[in-house]
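For reference, the structure is listed below as structure tokens.
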Amino acid sequence: MSKHFLGDTAVLLGRSLRHIARSPDTIITTAIMPIAMMLMFVYVFGGAIDTGSGSYVNYMLPGILLITVASGIAYTAFRLFMDMKGGIFERFQSMPIARSSVLWAHVLTSLVANVISLVVVVLVALLMGFRSAAGLPAWLAVAGILILFTLALTWIAVVPGLSAKTMEGASAFSYPLIFLPFLSSAFVPTATMPGPVRFFAEHQPVTSIVNAIRDLFAQQPVGTDIWIALGWCVGILVVAYFFAMNTYRRKIS
């Protein structure tokens, strides 16, 4: 069964990746908005924001990377919605393939597409002056956190992708996720925020993830932030996977 599942997932993954290769505008669109935000914050607002650190692009890049992921998963929900409405799922059910492989192919496609978008954003940040003396282990740790974060949000995206009634509804869920980094330490220190906003910012998942990535880039001790970040990512991933699979079973039953 495991071999059957892996083979089916690989075939369906290839199908999805071919669709993206024929329509690279989805990746370009995903990267454009975070890059535009980075340009605006660095060159328009950066001089007015005191982070108590060096380069502002170094400070804000972790938050921009999370926004890139949040933007990208909207296309996962959209692709799932289009497959549901186009009857592709019904056709796959009539074939001797592992049912869960259909979802996993979409999830892994989202992971590949988001990794490409993240690489593009990092390259633009380097052109804008981002510098990090972090070694390979730190970069691998950052990559691991971002992959976990992407998988967690992608499984969240599966739920509206399967259950939305309209194309707009399938992707609209991502807007709060894109907005969440603005209520965190992604762009300004939480110490500058009013009491209730500061409390929320310091206890929501984005802040711990941003702080952990920022410390890894800066070769600073990450302390408990990295464990809190991993806890959030794994917790969200498990809960989202449970709800996504339940929604999928109801849809195909």
Beyond-backbone contact of Phe187 with Tyr56, side-chain heavy atoms, under 4.5 angstrom: yes

task: For Met33 and Ile178, run side chain to side chain contact (heavy atoms under 4.5 Å, CB included): C-alpha distance rounded to whole Å, both residues' side-chain angles, the deciding distance at 0.1 Å, then the answer.
output: CA-CA 11 Å; Met33 187 182 73; Ile178 294 172; 3.9 Å; yes

- prompt: Which pair of non-hydrogen atoms, one from Met128 and one from Met38, has the smallest distance, and what is that distance?
  reply: CE-O, 3.6 Å

- prompt: So how far is it from Tyr248 OH to Ser163 OG, rounded to the nearest 0.5 Å?
  reply: 14.5 Å

message: For residues Leu136 and Val115: do they belong to one hydrophobic cluster (side chain heavy atoms under 4.5 Å, members Ile, Leu, Val, Met, Phe, Trp, Tyr)?
response: no

statement: When rounded to the nearest 0.5 Å, the distance separating CH2 of Trp155 from OG1 of Thr76 is 11.0 Å

query: Which pair of non-hydrogen atoms, one from Ser117 and one from Thr68, has the smallest distance, and what is that distance?
result: CB-CG2, 3.8 Å

query: So how far is it from Thr154 OG1 to Ile147 CD1, rounded to the nearest 0.5 Å?
result: 11.5 Å

query: What orientation do Tyr75 and Phe78 show, parallel under 30°, tilted 30 to 60°, or perpendicular over 60°?
result: perpendicular

Leu162 vs Leu103 side-chain heavy atoms within contact, under 4.5 Å: yes

- request: Any chance you could measure Glu202, atom CD, to Ser185, atom OG, to the nearest 0.5 Å?
  value: 8.5 Å

- prompt: For the atom pair CD1 (Ile209) and CD1 (Ile228), what is the distance rounded to the nearest 0.5 Å?
  reply: 11.0 Å

message: For Val158 and Thr247: C-alpha separation, side-chain torsions, deciding distance, then whether side chain to side chain contact (heavy atoms under 4.5 Å, CB included) applies.
response: CA-CA 9 Å; Val158 169; Thr247 303; over 6 Å; no

- request: Anything under 30° is parallel, anything over 60° is perpendicular, the rest tilted; go ahead and classify Phe41 against Phe182.
  value: tilted

field: Reported CH2-to-CG distance for the pair Trp232 and Leu148, which is rounded to 0.5 angstrom
entry: 15.0 Å

message: If you define the side chain from C-beta out and look only at heavy atoms, does anything of Leu66 sit under 4.5 Å from Leu146?
response: yes

query: Would you find a donor on one side and an acceptor on the other, under 3.5 Å apart, between the side chain of Asn58 and the backbone of Ser132?
result: no

message: When you compare the side chain of Asn114 with that of Ser110, does any pair of heavy atoms fall below 4.5 Å?
response: yes

Cluster overlap Val42 with Leu39, hydrophobic side-chain contacts below 4.5 Å: yes

message: Which heavy atom of Ala186 sits nearest to which heavy atom of Pro181, and what is that distance?
response: CB-O, 3.4 Å

- prompt: Hey, does the side chain of Thr150 reach the backbone of Val69 with a donor-acceptor pair shorter than 3.5 angstrom?
  reply: no

message: Please give me the minimum heavy-atom distance between Leu61 and Phe217, naming the atom from each residue.
response: CD2-CE1, 4.3 Å

